[in-house]
Amino acid sequence: MTHWLFKSEPGVFGIDDLAARGAEPWDGVRNYQARNLLRDRTAVGDPVLFYHSNCARPAIVGLAEVASSPRPDPTAFDPDSPHHDPKGDPAAPRWYLVDVRYRRHLARPITLAELKTHAEGALAGLALVRRGNRLSVMPLSPAQFDFILALEHRPAP
DNA sequence: GCCAACGTTGGC
DNA sequence: GCCAACGTTGGC
């Protein structure tokens, strides 16, 4: 089992959208490093921290889980999709997705600012707290995952 | 809105 | 294979 953090822009698809839909194909990943992680390391039941990026208050806001095996991302072959890949070839899929299922909102958002206060400690090495990081799907160690979830029930800083 | 950081593309 | 140009991400 691998523990994950998935980024999403709340203006496009936020935790409330996932809660409303129950489960959703995590399409549109178009970065090779993220693709390799999705394709090679995800398994049904893996826990996922749901992170809101590119917004006023970047934060981890919910808990989800991987709900399918990886499979080719059909939006790559759809000319009408914003994620269409002109070089996409169904015979040799380049991009993959998994389904993600909502579990719950966190008791409070754990902001990037708060997470960064642990960048030299419990969260050392976590890509999310490194400057300039653009990876939208990243693995965490079980210890990092547990540490972040434990913050939820501490008072907001 | 700004801009730094990053990944990708393509000329050479 | 190098690297400049470009487009995108994402914090602030």
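Chain letters run A, B, ... following the sequence lines, proteins first and then strands; every chain starts at 1.
- Using modelled atom types, no side-chain atom of Asp146(A) and backbone atom of Ala143(A) make a donor-acceptor pair closer than 3.5 Å.
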Taking only N/O atoms, report every protein-nucleotides 8-10 of chain B pair under 3.5 Å with atom names and distance.
| from | atom 1 | to | atom 2 | distance (Å) |
| --- | --- | --- | --- | --- |
| dT9(B) | OP1 | Lys87(A) | NZ | 3.4 |

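- In this structure, the CG atom of Asn54(A) is 13 Å from the C1' atom of dC3(B), given to the nearest Å.
- Rounded to an integer number of Å, the gap from CD1 of Ile60(A) to P of dG11(C) is 12 Å.
- Asp16(A) and His105(A) share a side-chain donor-acceptor pair at under 3.5 Å.
- In this structure, the CZ atom of Arg131(A) is 16 Å from the P atom of dC3(B), given to the nearest Å.
- Looking at Trp26(A) and Asp99(A), their side chains never bring a donor and an acceptor atom within 3.5 Å of each other.
- Using modelled atom types and a 3.5 Å distance limit, the side chains of Thr75(A) and Arg30(A) yield a donor-acceptor pair.
- Taking atom CG of Leu112(A) as the reference point, atom P of dG11(C) lies 6 Å away to the nearest angstrom.
- Atom NZ in Lys116(A) sits roughly 7 Å away from atom P in dG11(C) (whole-Å rounding).
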CA sep, side-chain torsions, deciding dist, call: Glu152(A), Arg104(A), salt bridge (charged side-chain N to carboxylate O under 4.0 Å, His left out): CA-CA 12 Å; Glu152(A) 173 186 26; Arg104(A) 62 180 179 83; 2.7 Å; yes
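- Remark: side-chain polar atoms of Arg130(A) are paired, donor with acceptor, to backbone N or O of Gly125(A) under 3.5 angstrom.
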